[in-house]
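Notes for the one structure printed next.
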Number of protein chains: 2
Amino acid sequence: MHNHIRVLREDKKISQGKLAELCRVSRQTINAIENNKYDPSLQLAFDIAKNLDTTIDWLFLPKGGN
Amino acid sequence: MHNHIRVLREDKKISQGKLAELCRVSRQTINAIENNKYDPSLQLAFDIAKNLDTTIDWLFLPKGGN
DNA sequence: CGAATGTGTCAAACATGTTTTACATATTTA
DNA sequence: TAAATATGTAAAACATGTTTGACACATTCG
């Protein structure tokens, strides 16, 4: 699963730590997701999308196409 | 997290077992998700949405609004 | 330069999602 | 009515996601 978090986050000029705080998760979690270490939970995916003013369907590109 | 899986699945007249097979997970997984025992992984959420011809953002209603 | 901020990473512990096997009960259909 | 199909549920094992604390390195800013 690929995602567009980093670009959008940098567009909004907020740090991984700030996004983590907005989503109420640790900074390591955001970092791991941006670097494709693992996928976020569905709830966290919604939180990230919301805080980056977009939708899950736009932010994430599932394996196997959608 | 609430979801509209059951209605959509019944609209398409497929069983939990059939949807499970299409999504390549066990029937118990689909059953647990329909009955809000836990949320699917992000990848599985995409697979379910795809097989029900809809989007994650339409299918799932995250806790805390979106 | 030195301090502060941002990013990458690691390990251990803990939380959540998924499979398998199994059984009970209901609903449909031959 | 009997057989087949569909659903709910449970426990154990296993896989994945998340936290905490820690450290390294780079970049920015006073």
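Because only heavy atoms are used, hydrogens play no part in the values below, and waters and symmetry mates are left out as well, while side chains stay in.
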key: Integer-rounded Å distance: D:dT5 C1' and B:L19 CG   = 16 Å
request  = Scan B:T29 against the nucleic acid and name what it touches under 4.0 Å (heavy atoms): base, sugar-phosphate only, or nothing.
outcome  = base
request  = Starting from C1' on C:dA15, measure out to CG on A:L44 and report it in whole angstrom.
outcome  = 14 Å
ask   = Quick one: which of C:dT19, D:dT18, D:dT7 gets closest to the side chain of B:V25?
value = C:dT19
query = Closest nucleotide of DNA chain D for B:I14 versus for A:R27: which of these residues is on the 5' side?
reply = B:I14
key: B:D47 backbone acceptor or donor facing B:N51 side chain under 3.5 Å   = yes
message = Could you tell me if the side chain of B:Y38 sits less than 4.5 Å from the side chain of B:T29, heavy atoms only?
response = yes
query = If you check the A:R6 side chain, which of C:dT18, D:dG8, C:dG8 turns out closest?
reply = C:dG8
Closest listed nucleotide, where the reference is the side chain of B:N31 and the choices are C:dT18, D:dT9, D:dT18 = D:dT9
query = Once you round it to whole Å, what is the distance between P of C:dT21 and CD of B:Q28?
reply = 11 Å
remark   = From NZ of A:K13 across to C1' of D:dT28 the rounded distance in Å is 15 Å
request  = By nearest nucleotide on DNA chain D, pick out whichever of B:R9 and B:S41 is the more 5' one.
outcome  = B:R9
task = Side-chain contact test, heavy atoms from C-beta onward, threshold under 4.5 Å: evaluate it for A:L42 versus B:I56 and give yes or no.
result = yes
ask   = Rounded to the nearest Å, what distance is computed from the CG atom of residue B:N35 to the C1' atom of nucleotide C:dG17?
value = 16 Å
Side-chain donor/acceptor of A:D39 to backbone N/O of B:Q43, under 3.5 Å = no
request  = Mind calculating the distance between CG (B:N3) and P (C:dG17) to the nearest angstrom?
outcome  = 13 Å
note = Judged by nearest nucleotide, the residue sitting upstream toward the 5' end of DNA chain C, A:E34 or B:K37, is A:E34
message = From the set C:dG6, C:dT19, D:dG8, return the single nucleotide nearest to any side-chain atom of B:Q16.
response = D:dG8
ask   = What is the nucleic acid contact for A:S26, judged by heavy atoms within less than 4.0 Å: base, sugar-phosphate only, or nothing?
value = base
ask   = Roughly how many Å is it from CD1 in A:I33 to C1' in C:dT7, rounded to a whole number?
value = 15 Å
ask   = Atom CG of B:L42 and atom P of C:dG17: how far apart are they, to the nearest Å?
value = 12 Å
task = Give a yes or no answer on whether the side chain of A:D57 reaches the backbone of B:D57 with a donor-acceptor pair at less than 3.5 Å.
result = yes
